[in-house]
Amino acid sequence: MSLTLRYMRLADIQQVAAIDQSCFQPPWSRDSYIFEINESRISHMVVLDSGAHQPPPQRNGWRSHLSDMLRGGRPAPNGQGDIIGYGGLWKIEGEAHISTIATHPRWRGKGFGEILLAGMFGKALRLNAEFIVLEVRVSNAVAQSLYQKYGFSRFGRRRNYYRSDNEDAWEMRVALDKDTRRRFARLYDELLAKHDFRDSYSWNARPWR
Ligand SMILES: CC(C)(COP(=O)(O)OP(=O)(O)OC[C@H]1O[C@@H](n2cnc3c(N)ncnc32)[C@H](O)[C@@H]1OP(=O)(O)O)[C@@H](O)C(=O)NCCC(=O)NCCS
């Protein structure tokens with residue numbers, strides 16, 4: 001797979017919304033995505049694009065499936081492949097806020113969520129943020145472990161934060177000081193050594209319409 005981290009486009013919304021629906025209750029509406037991509041001045045939405053269409057199991061028999069798998073999926077004709085995961089970052093004055101992050105359920109545990117988080121971390125640095133903050137369900141140990149790896153720590157507990165079931169959220173934050181930047185540089189280098197991915201999100205300006 002030749003992975004690309006890039007800004008989310010309108011054409012991605014269908015796939016992104018499908019992942020969103022499988023992860024969050026309630027999911028964002030289609031209009032929310034359109035607003036974040038086209039209108040919001042503070043929003044930096046990202047996707048991890050696989051660069052290929054991954055074949056659903058046994059679509060045209062095992063021979064075709066096997067050859068697709070060996071080739072790493074069918075090349076995407078328009079350069080847009082299946083979306084592996086996505087995220088969102090808002091930059092408000094000195095603060096960067098991670099609004100969402102998710103990996104497609106079939107691609108979890110392979111380092112892709114970390115690529116997305118690292119991309120947004122890099123974007124926050126590029127935008128000269130002093131802090132990154134986010135909210136996470138108190139029961140979401142997997143996401144908390146990912147955030148802690150990048151230096152986030154619990155800052156406060158928000159009671160009944162999630163309207164769907166009244167679960168509390170941890171507010172987590174990390175100050176983008178010298179130590180954090182050094183840790184990030186090391187983790188980012190490790191990610192580049194482990195995965196073949198191109199980052200055209202973190203260091204590029206947002207393409208305004
Ligand atoms: C949180 C999420 C994005 C992680 O994505 P992922 O692609 O599975 O994660 P990665 O494979 O990149 O793993 C990165 C880190 O996450 C943590 N992690 C991943 N899977 C884990 C597991 N099963 N148990 C504990 N920690 C885990 C680890 O810290 C891991 O780092 P490591 O590999 O050095 O141990 C993914 O689980 C997801 O989409 N969850 C549903 C949506 C969600 O909860 N989003 C967070 C909202 S606040």
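Each ligand, and each atom within it, is numbered from 1 in the order the structure gives. These numbers come from a predicted model, not from an experiment.
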Closest protein heavy atom to [atom], given as residue, atom name and distance to 0.1 Å:
atom                    : result
atom 14 (C) of ligand 1 : L146 CD1, 3.7 Å
atom 12 (O) of ligand 1 : E114 N, 2.8 Å
atom 37 (O) of ligand 1 : R108 CD, 3.5 Å
atom 27 (C) of ligand 1 : V142 CG1, 3.6 Å
atom 39 (O) of ligand 1 : T103 N, 2.8 Å

Mind checking whether [X] has an N or O less than 3.5 Å away from an N or O of ligand 1?
X    : result
G109 : yes
S145 : yes
I101 : yes
G113 : yes
W107 : no

Working note: E95 + W90, criterion side chain to side chain donor-acceptor pair (under 3.5 Å); need CA distance, chi angles, decisive distance, verdict.
CA-CA 8 Å; E95 194 171 278; W90 296 321; over 6 Å; no

Do the non-hydrogen side-chain atoms of D199 and N204 ever get within less than 4.5 Å of each other?
no

Y7 side chain near K123 side chain, heavy-atom distance below 4.5 Å
yes

Can you find a protein heavy atom under 4.0 Å from atom 42 (C) of ligand 1?
yes

Is there a protein heavy atom less than 4.0 Å away from atom 48 (S) of ligand 1?
yes

For [Y], is there an ion pair with [X] - N to carboxylate O distance below 4.0 angstrom?
X    : Y    : answer
D49  : R9   : no
R158 : D168 : no
R183 : D177 : no
E114 : K149 : yes
E190 : R186 : yes

Hey, can you tell me if W107 and F112 have their rings parallel, tilted or perpendicular (30° and 60° cut-offs)?
perpendicular

Mode of K110 contact toward ligand 1 - side chain, backbone, both, neither (heavy atoms, under 4.0 Å)
backbone

Any idea which atoms of ligand 1 are less than 4.0 Å away from a heavy-atom of [X]?
X    : answer
G111 : 10 (P), 11 (O), 12 (O)
K149 : 31 (O), 32 (P), 34 (O)
N140 : 43 (C), 44 (O), 46 (C)
Y147 : 46 (C), 47 (C), 48 (S)
A102 : 39 (O)

Shortest reach to atom 1 (C) of ligand 1 by a heavy atom, considering only C23, A143, A169
A143

Roughly how far apart are L89 CG and I132 CD1, rounded to 0.5 Å?
7.0 Å

Please determine whether side chain to side chain donor-acceptor pair (under 3.5 Å) holds for the pair E135 and H97, giving the CA-CA distance in whole Å, both sets of side-chain angles, and the decisive distance to 0.1 Å.
CA-CA 9 Å; E135 290 87 23; H97 190 134; 3.1 Å; yes

What do you reckon, does E135 put a non-hydrogen atom under 4.0 Å from ligand 1?
yes

Just to verify, what does S32 make a side chain to side chain contact (heavy atoms under 4.5 Å, CB included) with, not counting sequence neighbours?
W28, S29

